[in-house]
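First up is the structure itself, then whatever we jot down about it.
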Number of protein chains: 2
Amino acid sequence: MGAEMLQKGAVSARDVALAAGVSRTAVSRTFTPGASVSPATRAKVIAAADALGYHVNNLARGLTRAESGIVALIVAELDTPYRSRLVSALTDRLQTAGKVAMMINTDRSDASVEAALKQAIGYRTDAAIVLSGMPDRALADMCLRNGLRLVLINRDEAWPGTIRVRLDDEEAGARAARTLLRVGSERPALASSASATASLAARAKGFRAVLAAEGVVPIEAVFGATSYETGLALGTDLFSREARPDGIFCVTDLLACGVIDAARHRFNLRVPDDLSVIGFDDIPQAGWEAYGMTTFRQPVTAIAEACVAWLSGPAAGTEAETVRLSAEMVWRSSVAASGR
Amino acid sequence: MGAEMLQKGAVSARDVALAAGVSRTAVSRTFTPGASVSPATRAKVIAAADALGYHVNNLARGLTRAESGIVALIVAELDTPYRSRLVSALTDRLQTAGKVAMMINTDRSDASVEAALKQAIGYRTDAAIVLSGMPDRALADMCLRNGLRLVLINRDEAWPGTIRVRLDDEEAGARAARTLLRVGSERPALASSASATASLAARAKGFRAVLAAEGVVPIEAVFGATSYETGLALGTDLFSREARPDGIFCVTDLLACGVIDAARHRFNLRVPDDLSVIGFDDIPQAGWEAYGMTTFRQPVTAIAEACVAWLSGPAAGTEAETVRLSAEMVWRSSVAASGR
DNA sequence: CTGAAAGCGCTTACAG
DNA sequence: CTGAAAGCGCTTACAG
């Protein structure tokens, strides 16, 4: 009844203190893990708080404490299988670490990444995890100066006070090439979007390097955004050529799904009999029976854990840090068994 | 140089006021749209703020103002095509409306929805948009009492002070049934997960009702979570029966993808020649060439817009509000053209 | 263990 | 248009 009478959002520590007959300091301490309160006091506070429906105001807490408990997730194209898995893992870990995620969409342009970061600073987030786009050095410095720790995923640059997490993309590309060779591919191809991402570039680089060592030049199709539709177009392009490829490494599963569909539905090619294809990411669709894609698994959980562990650790040193994770190969049926 | 010397996060309105030679009130007004400041004062403030790298502290602002500008998104299984699209649309609209999204994962259990809502209250979010799970009446009241506006998506219940957005699921189910009948299906089936969601139930209900009116009882397979894997199992079950269905309405696209794959890859059935299938959601994969699924499009943008419009509107009246949106049918190739 | 007091950074009447 | 002052709800030394 009492609670009903309050104005909205009105229950504060003072109200609880009054009701419990203690000081507001005691209330504060009751809700601060590790603070010293006698069991008796604590009990009174808890009882009053429950009766009143009190919830610590984290905005006020963030104002006084060094940390707000908020971590910004800066991401473009959240509605894409790989990204949504990563964001999901990240918010999950953040939550179990007692933090909370603030989602900020960007369109990947410098301006929008800058706006996102300013947004994060405005809310005094403890950190920003950048999944898409790339803040330049000046922006990164601005964040650091404002007490934001910066986590860069799949970026090349590493700056003091930031951490970047990277996969062994180049090695994966190399392994894809070796696999295709082992399976007897005579006209291996590379399919990639035009998106100039460090990780995509590294995958392509590793792939080309192994082939070059064998004296073979891959057929290449590189254009478009990183999407299923581009994969379809890439495949259509590749299969229309005179020397049709018999093995394709797609820099991304989404691309690979498009390539496989082009092969099957537009050119009546069988996978893996006529054509082997290898992807990267291991998005859920890669495991669907329509695709059965051999690919490399993004260690999303490990990535999320590494980010959160670093955020929960001691303040960044002055050194740039790097975490390197490995993308394990997962075998399915888009490559002949002999490739294994 | 001056900025470099500051302690982290130290630039406050007072610093700017000092540097600009004005009061801190003037600084505050400069950053408050619509407040009255002379152009001269404003210019001095802006200059000083830029030089110092000042950013309004939204935590403090949220403490004084009635609104924090934060909206909580409470969601399970974010890494699922439909949900990630909706969340993406929602954060987008929220952003353009000048608000920011706080992502809170749940596992759909009552306990985790409650924890999520408490988290939201703790940060004094202006509202919570609940995409998964269902807060009970007591919980909803707690939110309202704490000044949180509540948006419930795809829920049945409607409570004072909350808004719920719903699709015409029942009508869509009915239309699916009519379509199957028109295409000459003699053994129409319903495939659904066991998840007791209002929207899934409504789709099934509409489907059954139309068939019942024609005196036909659909074959039914209902079990499992709402996933591709369940779709595979559902299809396998259905196609193993003596009277094999020749038309299936799957309550969800994810389920439908599994059903189609089971048909094609496990039973060598052709779609739509041997079997028509209709899904719901229009997830990206529904449009992929491997599926070419006839389905109903979730109006994610319209949903997001409706939510944000309501949030930006005047405070909730005491009435429960409902927004009803329509899921348009999209024709592709999983149903014979004659069904159209 | 406990409380009075100062302070976090902002906004908003209130005077002028 | 402008500024001094009070207040938002919390935490954290500082005494006791």
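Letters go in sequence order (proteins before strands), and every chain restarts at 1. Treat the numbers as computed from the prediction; the structure is a model and nothing was measured.
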* To do: Remember a base hit wins even if backbone is also touched, and classify B/Val27 as base, sugar-phosphate or nothing at under 4.0 Å, heavy atoms.
  => nothing
* Base, sugar-phosphate, or nothing for B/Phe31, non-hydrogen atoms under 4.0 angstrom? ->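 No contact.
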* Asked: Got a sec, which residues hit salt bridge (Lys or Arg N to Asp or Glu O under 4.0 Å) with B/Asp156, two or more places apart in sequence or on another chain?
  -> B/Arg166
Distance, rounded to the nearest Å, where [X] contributes [atom1] and [N] contributes [atom2]:
X       : N      : atom1 : atom2 : value
B/Arg65 : C/dG9  : CZ    : P     : 18 Å
A/Glu67 : D/dC10 : CD    : P     : 18 Å
B/Asn58 : C/dT11 : CG    : C1'   : 13 Å
B/Asn57 : C/dC10 : CG    : P     : 5 Å
B/Leu59 : C/dT11 : CG    : P     : 12 Å

* Among pairs that include at least one residue of residues 97-121 of chain B, which meet ring-ring contact (aromatic ring centres under 6.0 Å, His included), considering only residues two or more places apart or in two chains? ->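 Sorted result for residues 97-121 of chain B: empty, none.
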* With no hydrogens and no angle check, do the side chains of B/Thr197 and B/Ser199 hold a donor and an acceptor under 3.5 Å apart? ->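 Note: B/Thr197 and B/Ser199 side chains miss the donor-acceptor criterion.
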* Are B/Arg124 and B/Ser68 linked by a side-chain donor-acceptor pair shorter than 3.5 Å? ->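 Not at all, the side chains of B/Arg124 and B/Ser68 share no donor-acceptor pair under 3.5 Å.
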Name the atoms and distances for all side-chain donor-acceptor pairs under 3.5 Å in residues 18-25 of chain B, with sequence neighbours left out.
| from | atom 1 | to | atom 2 | distance (Å) |
| --- | --- | --- | --- | --- |
| B/Ser23 | OG | B/Thr25 | N | 3.4 |
| B/Ser23 | OG | B/Ala26 | N | 3.1 |

* To do: Please list, chain by chain and in numerical order, all residues satisfying side-chain contact (heavy atoms from CB on, under 4.5 Å) with A/Ala35, sequence neighbours excluded.
  => A/Arg29, A/Thr32
* **Non-neighbouring partners of A/Arg42 that pass side-chain contact (heavy atoms from CB on, under 4.5 Å), sequence neighbours left out** =>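 Listed in chain order: A/Thr30, A/Val37, A/Ile46.
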* **Any residue meeting ring-ring contact (aromatic ring centres under 6.0 Å, His included) with B/Phe31, in chain and number order, not counting sequence neighbours** =>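 Expected list: B/Tyr54.
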Name each donor-acceptor pair under 3.5 Å that joins a side chain in residues 78-90 of chain A to protein atoms two or more places apart or in another chain, with its distance.
| from | atom 1 | to | atom 2 | distance (Å) |
| --- | --- | --- | --- | --- |
| A/Arg83 | NE | A/Ala76 | O | 3.3 |
| A/Arg83 | NE | A/Ser132 | OG | 3.2 |
| A/Arg83 | NH2 | A/Leu131 | O | 2.8 |
| A/Arg83 | NH2 | A/Ser132 | OG | 3.2 |
| A/Ser84 | OG | A/Thr80 | O | 3.2 |
| A/Ser84 | OG | A/Pro81 | O | 3.2 |
| A/Arg85 | NH2 | A/Asp282 | O | 3.4 |

* Structure fact -> In B/S/- notation (B base, S sugar-phosphate only, - none; protein heavy atoms under 4.0 Å), nucleotides 1-8 of chain D written 5' to 3' is SBBBB-BB
* Asked: Reckon A/Tyr123 has a side-chain N or O less than 4.0 Å from the OP1 or OP2 of C/dC10?
  -> no
* Would you please enumerate the stems DNA chain C participates in, each stem being three or more consecutive Watson-Crick or G-U wobble pairs with both distances under 3.5 Å? =>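 Looking at DNA chain C, the stems formed by three or more consecutive pairs are C:1-3 with D:14-16, C:5-12 with D:5-12, C:14-16 with D:1-3.
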